[in-house]
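Below is one structure, written out as structure tokens; the observations come after it.
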Amino acid sequence: MLLMAGVTYGAGLLILAWPTGEAAVSRDLAADRTSLWNTYTDFGSSLSDTPYIVALTAVAAIVFRLVYKRWRESIFMIAAVWSQSLIFLATTTPVGRHRPPVQHIDPAPPTSSFPSGHVSAAVAFYCGLALVLTTHVRNRALQVVIWVLAVGAPLVVAFSRLYRGMHFLSDVMWGLLLGAGCVVMAARAILYRREKQRRPQVPELVKRA
């Protein structure tokens, strides 16, 4: 987490130091807005609103504990979602990137534009959920469907945040990378951690014999 936070902070400073031309992308999207797409992207952005992600993570953790009779999957989900949140909160204010120079359809939160917390949270939750489910599902077709939905949700969130003028392109791209990094980190540390096998204790009398 410290490494990802440091890299995120460094990337934010580099983006601020070099002209990226991303404002043109934001202006083009803002110029083509329609009432229909405003409605669609409102729903798309809400897929990763903080209250929903917090509530869904709690529900997933409870359900996994009840279904799988252990804590590993539940702790993995919590770790994946909250690690990206902590990294986001630790880096967004120090970077201090302004929002795109277009009309913001959503209220702008006090955090800065880089990175996109909505996108990183979407990757952490939906892809983390898919990782747990496909670990326990053997049907290949169902696994594909789960992953298509899991990957599609963050992409919808990313486009919605761009369209609504809340982030630059690099903000959502780094959000995708940050969320994926947190899922991989939590999976290696918790979900796929190998149990240390303890060798059975041999009684002293048996050893002497």
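What you see below is based on every heavy atom in this structure, not just the backbone, and it leaves out hydrogens, waters and symmetry mates.
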* Asked: Counting distance only, does the side-chain N/O of Arg70 pair as donor-acceptor with the main-chain N or O of Val67 below 3.5 Å?
  -> no

* **Transitive ILVMFWY side-chain link Phe168 to Val119, under 4.5 Å** => no

* Between Asp32 and Trp37, is any pair of side-chain heavy atoms under 4.5 Å apart? -> no

* To do: Flag yes if Tyr68 and Val63 sit in one hydrophobic cluster, no otherwise; membership is Ile, Leu, Val, Met, Phe, Trp, Tyr, and two members link when side-chain heavy atoms are under 4.5 Å apart.
  => yes

* **Derivation and outcome, side-chain contact (heavy atoms from CB on, under 4.5 Å), residues Arg99 and His167** => CA-CA 6 Å; Arg99 302 281 173 179; His167 291 288; 3.2 Å; yes

* Decide if atom CE of Met173 counts as having more than 12 heavy atoms of other residues, nucleotides or ligands within a radius under 6.0 Å. => no

* Heavy atoms, side chains only, cut-off 4.5 Å: are Tyr192 and Leu131 in contact? -> yes

* What are the two closest heavy atoms between Cys182 and Ala80, and how far apart are they? -> CB-O, 3.8 Å

* Just wondering, do Tyr126 and Val151 contact through their side chains at under 4.5 Å, heavy atoms? -> no

* Rounded distance (nearest 0.5 Å) linking atom CD1 of Ile62 with atom CE of Met77 -> 12.5 Å

* Asked: Do you know which two heavy atoms are closest between Gln84 and Gly117, and how far apart they sit?
  -> OE1-O, 4.0 Å

* Heavy-atom count around His98 NE2 within 6.0 Å, excluding the residue itself: above 12? -> no

* To do: Could you tell me which non-hydrogen atom of Ser113 sits nearest to which non-hydrogen atom of Met166, and how far apart they are?
  => OG-O, 3.7 Å

* Treat each ILVMFWY residue as a node, draw an edge where side-chain heavy atoms are under 4.5 Å apart, and state whether Val7 and Val184 are in one component. => no

* Asked: Can you name the nearest heavy-atom pair linking Gly44 to Val157, along with the distance?
  -> O-CG2, 3.3 Å

* Determine whether Phe159 and Thr41 make a side-chain contact, defined as any pair of heavy atoms from C-beta on separated by less than 4.5 Å. => yes

* **Any side-chain heavy-atom pair of Ile15 and Trp174 under 4.5 Å** => no

* Does the side chain of Thr57 come within less than 4.5 Å of Phe125's, by heavy atoms? -> yes

* Quick one: do Phe76 and Leu86 end up in the same hydrophobic cluster if we chain Ile, Leu, Val, Met, Phe, Trp and Tyr together by side-chain heavy atoms under 4.5 Å apart? -> no

* Can you establish whether the number of heavy atoms outside Leu2 located under 6.0 Å from its atom CG is more than 12? => no

* Could you go through the side-chain contact (heavy atoms from CB on, under 4.5 Å) check for Val156 and Phe43 one step at a time? => CA-CA 9 Å; Val156 169; Phe43 171 75; 5.9 Å; no

* **Within 6.0 angstrom of Trp147 CH2, more than 12 heavy atoms from elsewhere** => yes

* Asked: Between Phe64 and Leu56, is there a shared hydrophobic cluster once you connect ILVMFWY residues whose side-chain heavy atoms come closer than 4.5 Å?
  -> yes

* Asked: Do the side chains of Arg161 and Asp106 get nearer than 4.5 Å, heavy atoms only?
  -> yes

* To do: Given side-chain contact (heavy atoms from CB on, under 4.5 Å), test Val172 with His118 step by step and report yes or no.
  => CA-CA 8 Å; Val172 299; His118 270 72; over 6 Å; no

* To do: Measure across Pro115 and Leu178 and return the closest heavy-atom pair with its distance rounded to 0.1 Å.
  => CG-CD2, 4.3 Å

* To do: Go through the steps for Asn38 and Tyr163 under the test side-chain contact (heavy atoms from CB on, under 4.5 Å), then give the verdict.
  => CA-CA 8 Å; Asn38 289 351; Tyr163 177 92; 3.0 Å; yes

* Asked: Any side-chain heavy atom of Phe114 within less than 4.5 Å of one from Leu16?
  -> no

* To do: Locate the shortest heavy-atom distance separating Ala5 from Ile87; write the atom from each residue and the value.
  => CA-CG2, 3.8 Å

